[in-house]
Amino acid sequence: MSYFLQSIVDGASLGSIYALIALAIGFVFGILRLINFTQSDYITYCAYALIIPSTAAMPALFIGAWPAALMVISVLLIGVVLALLTERFAFRAIRDAEPEILLISSFATSYLLQHILMAVYSTRPKSVSIGNWLGEPVAFAGLRVPLIQLVTLGVTGAALIALVAMLRYTEFGIKIRAAAENYRMARLLGVRANAVIAGCFAISGLIGGAVSLLLVAQTGSLDILMGVSPVIIAFFATVIGGMGSLMGAVLGGFLVGMVSQLLQAYLPGEAREFRDAFLFAFTILVLIARPNGLIASSAIGQRT
Amino acid sequence: MEGVGVRFGRLSALDGVDLKLRPNSVTGLIGPNGAGKTTAVNVLTGFQKPTSGKIFLGSQELTGHTPEEFARQGVTRSFQSGRLFSKLSVIDNVASAAIGIRRLGRTKAREHAYGILEWIGCADVASAFAGTLPHGVQQRVGLARAIAGFPSFILLDEPAAGLGRTDCDGLIALIQKIPSKFECGVLLIEHNMTVIMNACSSIVVFAGGRRIAEGTPAEVAHDAEVRRAYLGSANEQTMAI
Amino acid sequence: MLTLRNLAVNYGAVPAIHDVSAEFEAGTVNFIVGPNGAGKSTLLLTIAGALRPRMGSISFRGKTISGMNPEDVASQGCSLVPEGRQVFSRLTINENLRLGSIAGRRKGGSSADTEEVLSLFPILRERYSQAAGTLSGGEQQQLSIARALLTRPELLLIDEPSLGLAPLVVDGVYEILRKLKNDSLTMIIVEQQATRVRNNGDTVTVVRDGHVAFSSKVSTISDYSELEKAYFGFS
Amino acid sequence: MKNNRFVSSIPGDTWLLPSALAIPLGVVAVGVQYFGPPTIAVTVTEIYIRLVAALAIYMFSSNTGIISYGHVAFMGIGAYASAWQTCCVMMKPITMHGLPAFLKTANFPVVPSAIAAGVLAAVVALVASLVIMRLNSIAAAIATFALLFIFQSVYGHWDSVTMGVSTMIGLPQYVTPVHVWIWVAIAILVAFILQNSSIGLMLRASRDEHTAARACGARILKYRVIAFTISAFFAGIAGVMLGHRIGTISVATFHLDLTFLLLAMVVVGGLRSLSGVVLGVIIVSVIMEVLRLFQGGVSIGGQIVSLPAGSVQIGIALVMILVLRFRPDGIAKGLEFDVKRWLGRSSDEVALRRSDSGSSAAE
């Protein structure tokens with residue numbers, strides 16, 4: 001039983017990360033029909049900013065060595081700046097292109113960013129230690145949970161609540177939701193496209209920064225491809241949740257994270273190694289069963 | 001089609017409508033904006049599943065079938081906005097119906113398509129890209145595509161929309177000849193009264209999702225309820241368009 | 001107030017409008033009628049900035065607005081009520097209206113505007129925090145008009161307000177438009193039929209095949225057969 | 001019958017097109033294999049292998065409009081399947097003890113093995129596409145991407161038959177320029193037949209106007225599955241060639257880098273014409289070789305100039321982004337070589353014409 005609960009906590013923690021990324025993907029996709037692969041680079045760049053540029057396997061810390069508060073703020077800021085740069089220079093000019101072109105451009109841009117990073121830091125995975133104390137397990141309701149899982153849950157939970165509140169109650173949030181539903185109509189009402197889109201990218205960058213800190217604290221390692229897989233999974237989460245529904249993205253993210261952890265916990269030992277394969281297969285099957293996503297069909301007319 | 005109803009959310013687009021198409025003749029379907037004409041075509045070709053009611057072709061029930069199945073059973077259609085395959089040539093546009101519906105090989109399908117294009121007067125543009133054609137020609141190609149699928153019924157959704165006079169007259173003449181030439185029934189939806197009155201042997205009138213009249217062109221033209229539906233309430237009455 | 005000069009617009013690769021010139025004066029209600037596919041909606045979308053003209057110019061209150069973004073055209077005081085209403089179905093009525101007033105406030109609007117508009121549309125007040133997708137077609141049309149009014153327009157472009165609505169409901173919509181006319185709001189109304197022109201319009205323009213086939217003041221039309229001829233392209 | 005004359009006079013339709021693309025490539029293959037220096041032969045072999053892979057993607061993506069991000073997985077499946085049949089019979093029982101007995105203890109001739117490997121890739125594609133092709137085009141594109149990750153996860157961990165992430169060595173190195181060229185020619189021919197077949201026509205119709213295609217009775221799902229399966233066979237073959245060119249394979253080879261490179265080729269040349277893909281593969285390969293040269297260091301005016309590591313990838317990414325931005329239909333703009341006109345004029349001028357059949361009006 002406690003094993004099950006343990007898995008649930010792990011699942012919720014992973015799911016909340018996916019939910020955050022899914023929200024970022026969902027914002028941008030809803031408005032631009034663009035699947036933003038560079039979201040993975042926001043995560044990777046923010047993570048690599050923690051260390052000094054080096055090809056070594058155990059590099060010295062750079063921003064990672066700063067006081068915690070300053071470190072967090074700087075990393076988030078890097079995420080925002082990078083996201084705004086990609087919006088301005090990679091996507092603005094092709095905003096009206098066909099979705100297939102957007103998709104492959106975003107893939108190409110992401111690949112470009114990846115390799116620029118690679119040219120500086122090499123492909124060698126690196127280990128870093130920030131917030132080692134977060135790895136300590138804490139006893140919690142009869143479970144021994146690593147502190148980092150709780151911190152992750154806390155941070156992502158707070159971020160999600162903040163984002164949802166922003167979406168629902170602020171003027172900017174209403175603009176984003178309106179633009180996600182009907183971009184042209186929103187513009188016809190005077191909603192400024194550049195401002196809303198830049199805002200969405202800025203939030204995506206912010207989320208990228210936060211996710212990268214959480215991931216690095218969890219794994220203690222850096223990898224050039226560390227952002228790719230979470231972003232692909234998060235994209236599926238947005239599709240599963242129902243395109244255009246931001247709440248759906250959050251729900252889908254949690255679901256995928258949960259399934260992933262449960263697969264990890266309950267697959268027989270041999271099969272466990274193939275967890276990711278099962279996870280992708282599962283997401284594709286959900287799409288077959290509910291092509292419009294989990295809540296899209298019932299969500300017409302409901303609040304998001 | 002019997003007692004068919006279609007609802008979108010709280011809106012009722014069709015409300016218990018009966019509609020019977022006769023083979024080998026042109027039936028007109030008219031009605032003011034929002035009367036449910038296009039919805040009727042969508043229901044009759046499988047693009048819209050009715051919330052109630054049934055659809056029969058002869059004695060065979062087709063309710064709930066997919067558009068592909070409707071097409072293969074012999075019910076083809078044209079679209080209000082043309083919907084040609086803009087990056088294919090005209091002949092391939094027409095041939096695609098024969099390939100999709102009758103599984104003709106490509107060469108056979110093209111020969112078949114070419115024959116129809118000749119009949120319809122578009123053979124000279126057979127190798128042009130459909131997307132580059134003027135509106136009037138596109139409408140004709142759309143008609144040719146509907147004919148190419150070996151239909152027993154053709155549903156034409158406003159084929160004369162936006163056509164000038166010469167195009168319009170030519171189209172009427174063609175539509176009138178379809179039943180005898182291709183041995184099939186035609187349902188013609190139009191706003192343009194001239195087209196409807198000249199091309200159809202009988203006319204059905206819809207308003208507000210219901211059938212309000214049926215008869216020969218002359219009967220329908222003099223029907224009081226039809227006039228009211230078209231011209232609005234009496235004090236708004238100005239002209240009959 | 002609004003002048004179109006030699007306007008030509010492509011819709012996709014296909015020319016939808018060729019060489020349209022027209023003039024609309026402040027305080028008037030102007031009808032644009034024409035058959036399906038004539039280019040009426042394209043014309044309104046172009047005025048509103050959602051489509052770029054291939055040639056020609058649009059000037060609004062003496063200022064050239066052709067080539068502007070839709071959001072900037074809206075800020076200039078030209079607001080579109082689009083075909084098919086296009087309310088944000090996932091947003092509440094309140095939120096739909098707030099979107100309108102965001103632009104309105106840039107032009108000195110205030111929360112009093114919302115009150116004023118809601119008094120025109122009592123049904124919207126009743127359903128204030130309901131999702132717009134749950135409204136009926138007529139109610140959505142009201143919401144769409146109310147939303148456009150909150151942007152504080154000088155010129156209201158209305159695309160087929162009667163589309164898909166029962167005749168009685170259309171009467172209700174025109175009742176509201178008549179009230180707006182009494183407040184001397186300038187309007188351009190696109191309709192497929194001309195049934196409501198005589199009682200509601202100051203001018204009528206017939207568009208067919210992407211060009212102006214007929215244009216006149218309503219008061220000077222004695223014989224509608226001329227208009228009919230233009231509409232169909234033959235008598 | 002005059003219809004017939006018309007039908008056979010469509011430019012993109014002529015059998016001269018595949019011949020005109022394949023024969024010069026064949027001449028080059030023979031030339032470098034028998035008369036050229038070995039380094040050039042290796043380069044040409046590599047380019048032709050990529051060409052087979054790019055043609056595989058083209059067969060599916062040009063007709064359906066769904067860009068496949070997953071074909072490299074089929075290359076991997078093909079490469080491993082061929083290795084199981086032909087590699088290192090002494091080591092197999094130890095390093096790949098999970099293989100079925102008939103594979104573990106015997107080796108098979110290389111060519112039938114290659115075909116069997118392609119068939120395996122096709123079968124996997126068939127099963128996957130029955131699921132994936134129901135999705136709309138963007139979701140389907142992403143689902144093909146997921147296939148790549150599924151492949152990585154499965155083959156990367158299936159130690160008993162794939163040796164996990166370790167490199168498998170000892171594949172017979174039988175691949176020569178002429179050998180690959182035969183597959184290039186077959187792939188060009190199949191791509192040509194497919195795009196001019198009813199299946200290709202209906203797929204391109206639904207790509208333009210999905211609703212109208214349904215009204216024409218088109219069984220789009222079935223056609224997409226057929227196209228995906230055929231194209232996966234050729235991706236599998238390309239994988240086999242790659243493995244047997246170098247003699248070693250590893251899971252990491254069949255991942256994002258290769259996916260990106262192939263997509264870059266397809267995009268740069270243009271997804272809408274066969275000539276475009278051939279052109280794209282050649283152009284990108286040339287750019288790649290030049291950048292690689294510079295990356296290794298080149299002496300210019302007595303000074304050694306060398307680009308930093310990663311310049312090749314960065315350069316190709318930039319080229320691809322620029323092409324997407326300024327010429328989204330690719331260098332060839334969706335046009336085909338007009339062989340007849342070229343032959344007729346007997347000049348060096350090569351005219352390009354629309355690939356989509358029937359195009360006198362497009363001139």
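None of the values given here were measured: they were computed from a predicted structure. Reminder, nothing fancy here: chain letters follow the sequence lines and each chain counts from 1.
Of all heavy-atom pairs between D:N196 and B:R106, the closest is O-NH1, 2.6 Å. Scanning all heavy atoms of the two residues, the minimum distance from B:L88 to D:D208 falls at N-OD2, 3.9 Å. D:A205 approaches B:F85 most closely through the heavy-atom pair O-CD2, 3.1 Å. Here the closest heavy-atom approach between residue D:A212 and residue B:F79 is recorded as CA-CE1, 3.7 Å.
Residues B:R83 and D:H210 have side chains not in contact (no heavy-atom distance under 4.5 Å, counting atoms from C-beta outward). Contact check for D:R272 versus B:K87: side-chain heavy atoms found under the 4.5 Å cut-off. Within the 4.5 Å cutoff, side-chain heavy atoms of B:F47 are placed close to those of D:R214. D:E209 is not listed as a side-chain neighbour of B:L84, based on a closest heavy-atom distance of 4.5 Å or more.
Interface remark: B:R145 contributes side-chain atoms only to the contact with chain D (heavy atom separation under 4.5 Å). For a residue to count as touching a neighbouring chain, one of its non-hydrogen atoms must lie under 4.5 Å from one of that chain's; by this rule D:T211 touches chain B with backbone and side chain alike. Using a 4.5 Å cut-off between heavy atoms, B:S86 touches chain D through backbone and side chain atoms alike.
Residues of residues 65-73 of chain B lying under 4.5 angstrom from chain D, judged on non-hydrogen atoms, are B:T66, B:P67, B:E68, B:A71, B:R72 by number.
More than 12 heavy atoms of other residues, nucleotides or ligands shown are found within 6.0 angstrom of CZ on D:R327.
Atom CZ in B:R110 sits 9.5 Å away from atom OG in D:S198 (nearest 0.5 Å). With rounding to the nearest 0.5 Å, the separation of CZ in B:R102 from SG in D:C216 is 14.0 Å.
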